[in-house]
Amino acid sequence: AKDAGRNTHRYFRPELQKAALVKRTLEKELTLAIERKEFELFYQPRVDCQKQTVLSAEALMRWHHPQKGIVLPGDFIEALEETGLIHQAGDWIIEQAGKDQRRLAKSGYDFPLSINISPKQFERSDFVLRLQENLAKTGCPTDRIEIELTEGMLMGEGYDAKSILTKLCDVGFSIAIDDFGTGYSNLAYIQDYPISSLKVDRSFMQMIDDQSPVIGMILSLCRLVSVTAVAEGVETIGQLEWLQLNHCNQYQGFLYSKPLPLTDLFGLLKDPPQL
Ligand code: C2E
Ligand code: CA
Ligand code: CA
Ligand code: CA
């Protein structure tokens, strides 16, 4: 049978069997991870471009895997979505962010935290209510939480995105459009929908280095429609200086800080980096 191996792979596709096994293992591990509370929210500060003050922070999920150590969302979010575990994870994320916001507020840092939402959560009819109920457990007001959505969700079918955004906004949440510029969308929504910030995707920072006019155009658009412009993935002083000259409001990126555990965020707030 071993000799035949080379010719039979087309029919048995051992790589597919292996992929299915990896997927099943991951699914089991993620179920346990939720039970055993192996997830943690890290926070990356969002900073005022001119004053270099921290105005908010984005919650980014981390998985403390019992064997592999810290695992990044790129390696498990998709599996959470495919298995439906994203709903339980989502309940945990908003509740944890609420608790962390209260801890920050008690120490004098009463700024909003933003959380990321998966399309699978967004399209459920109980999406907004579920967020509200989980947040209510923590005593954190809705106006201290910003919801990050991607353009794809606004264009999705089977629901009325505008009414969901309106509901989010009516109950007090603010809304950011994440990865802005990477979607293929009709920009009209920027004026029509209750959006507070546009997070310009990290891929545009390369354009600053390449002197492309496109990122400047996006910043002008933000000014015209009075939406806060947030640059993502700022890594160099050169990029920050360009953003300052071109009226970008806020930025996030390794230049100021990578995402940090809450205790380290407290440390950074007490002793901010000098840029
Ligand atoms: P995102 O929402 O666009 O988050 C920004 C990502 O860029 C984060 O990766 C962050 O660590 C990284 N980043 C920040 N500054 C820099 C920089 O200066 N340079 C570079 N090269 N990267 C930078 P992370 O934490 O691995 O998250 C990846 C994606 O996973 C997120 O992209 C988001 O789409 C998703 N994600 C993370 N946490 C959650 C969550 O709690 N729920 C959901 N649904 N998705 C999440
Ligand atoms: Ca985000
Ligand atoms: Ca982003
Ligand atoms: Ca992203």
Side-chain angles (χ1 to χ4, degrees), residues 30 33-34 38-47 54 56-65 69-98 100 112-124 127 130-131 134-135 145-153 174-183 195-206 208-209 218 228-240 243 248 250-262 264-265 268 273 275:
L30 285 169
I34 293 178
E38 291 170 0
F39 293 115
E40 181 178 359
L41 294 179
F42 276 30
Y43 291 95
Q44 186 177 41
R46 222 161 96 175
V47 185
V54 175
S56 73
E58 176 179 6
L60 295 156
M61 221 179 166
R62 298 291 181 262
W63 177 15
H64 295 280
H65 188 284
I70 294 187
V71 182
L72 296 173
D75 290 327
F76 63 85
I77 292 282
E78 208 182 291
L80 286 177
E81 289 173 345
E82 284 172 5
T83 54
L85 291 167
I86 193 71
H87 302 293
Q88 275 165 272
D91 290 344
W92 174 81
I93 291 163
I94 180 84
E95 189 177 343
Q96 189 59 46
D100 292 344
L113 297 177
S114 53
I115 61 167
N116 291 283
I117 298 293
S118 141
K120 290 273 184 310
Q121 296 170 268
F122 185 78
E123 65 193 26
R124 291 221 356 189
F127 168 59
R130 203 159 165 167
L131 285 179
N134 284 303
L135 187 64
I145 298 287
E146 184 170 63
I147 305 295
E148 296 198 3
L149 307 171
T150 54
E151 288 179 288
M153 298 184 204
S174 56
I175 299 163
I177 300 302
D178 203 359
D179 304 342
F180 182 74
T182 59
I195 289 160
S196 320
S197 12
L198 282 190
K199 302 190 71 176
V200 183
D201 191 71
R202 179 156 64 87
S203 56
F204 288 89
M205 296 312 116
Q206 182 61 44
I208 295 179
D209 305 335
I218 294 177
T228 301
V230 186
E232 296 193 286
V234 177
E235 293 181 352
T236 68
I237 277 283
Q239 289 165 347
L240 175 61
L243 292 165
C248 184
Q250 304 175 14
Y251 75 100
Q252 234 180 289
F254 294 167
L255 175 66
Y256 192 85
S257 171
K258 60 186 196 287
L260 302 168
L262 186 66
D264 295 358
L265 178 66
L268 179 113
L275 288 173

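We count ligands from 1, going down the list as the structure has it; atoms in each ligand are counted the same way. The chain is numbered in sequence order, starting from 1. The shown structure was predicted, so the numbers you read here are calculated from the model rather than taken from an experiment.
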Counting only heavy atoms, which portion of Ile77 has something under 4.0 Å from ligand 1: side chain, backbone, both, or neither?
-> side chain
Closest Glu58 atom to the Ca ion (ligand 2) [N, O or S only] | OE2
Going by the atom numbers of ligand 1, which of them fall below 4.0 Å from some non-hydrogen atom of Glu58?
-> 2 (O), 4 (O)
Heteroatom of Glu232 nearest to the Ca ion (ligand 3) (N, O or S, atom name) | OE2
Min heavy-atom dist Arg62 to ligand 1 below 4.0 Å = yes
Identify, by atom number and element, the atoms of ligand 1 in contact range of Asp179, meaning under 4.0 Å from any of its heavy atoms.
-> 3 (O)
With the threshold set at 4.0 Å, does a side-chain nitrogen-carboxylate oxygen contact exist between Glu146 and Lys199?
-> no
Should the pair Phe39 and Trp63 be assigned to parallel (<30°), tilted (30 to 60°) or perpendicular (>60°) ring geometry?
-> tilted
Contact atoms of ligand 1, heavy-atom distance to Ile117 under 4.0 Å | 44 (N)
Validation row: Ile147, Ile115 side chains within 4.5 angstrom (heavy atoms) | yes
Could you give me the CA-CA distance, side-chain angles and deciding distance for Ile70 and His64, then say whether side-chain contact (heavy atoms from CB on, under 4.5 Å) is met?
-> CA-CA 5 Å; Ile70 294 187; His64 295 280; 3.8 Å; yes
Numbered in order shown, the ligand 1 atoms found under 4.0 Å of a heavy atom of Gln44 are 14 (C), 15 (N)
How far apart are the closest heavy atoms of Arg62 and Pro73, and which atoms are they?
-> NH1-CD, 3.3 Å
Any N, O or S atom of Glu148 closer than 3.0 Å to the Ca ion (ligand 2) = yes
Under a 4.0 Å heavy-atom limit, does Pro259 contact ligand 1 with its side chain, its backbone, both, or neither?
-> side chain
For Glu235, atoms of ligand 1 separated by under 4.0 Å from a heavy atom | 17 (C), 18 (O), 19 (N), 20 (C), 21 (N)
May I ask you to list the atoms of ligand 1 that are less than 4.0 angstrom from any heavy atom of Ser118?
-> 44 (N)
Output yes when a side-chain donor or acceptor of Gln239 lies under 3.5 Å from a complementary backbone atom of Glu235, and no otherwise.
-> yes
Given side chains that start at C-beta, do those of Val54 and Tyr256 come closer than 4.5 Å, heavy atoms only?
-> yes
Does Gly253, backbone or side chain, put an N or O under 3.5 Å from an N or O of ligand 1?
-> no
Selected option - heavy-atom contact closest to atom 39 (C) of ligand 1, from Asn116, Asp201, Asp178 = Asn116
Nearest heavy-atom contact between Asp178 and Asn116 is OD2-OD1, 3.1 Å
What N/O/S atom of Asp179 gets nearest to the Ca ion (ligand 3)?
-> OD1
Here the atoms of ligand 1 under 4.0 Å from any heavy atom belonging to Glu232 are 3 (O)
N/O separation below 3.5 Å, Leu255 to ligand 1 = no
Option from Pro112, Ser174, Ser197 for which side-chain contact (heavy atoms from CB on, under 4.5 Å) with Ser56 holds | Pro112
Correct closest heavy-atom pair for Tyr43 and Ala59 would be CE2-CB, 3.5 Å
If you look at every heavy atom in Ala89 and Met61, which pair is closest and at what distance?
-> CB-CE, 4.1 Å
Given atoms OD1 of Asn116 and OD2 of Asp178, what angle do they subtend at the Ca ion (ligand 2), to the nearest 10 degrees?
-> 80°
What heavy-atom pair brings Lys120 and His87 nearest, and what distance separates the two atoms?
-> O-CE1, 3.3 Å
Check whether any heavy atom of Gln252 sits under 4.0 Å from an atom of ligand 1.
-> no
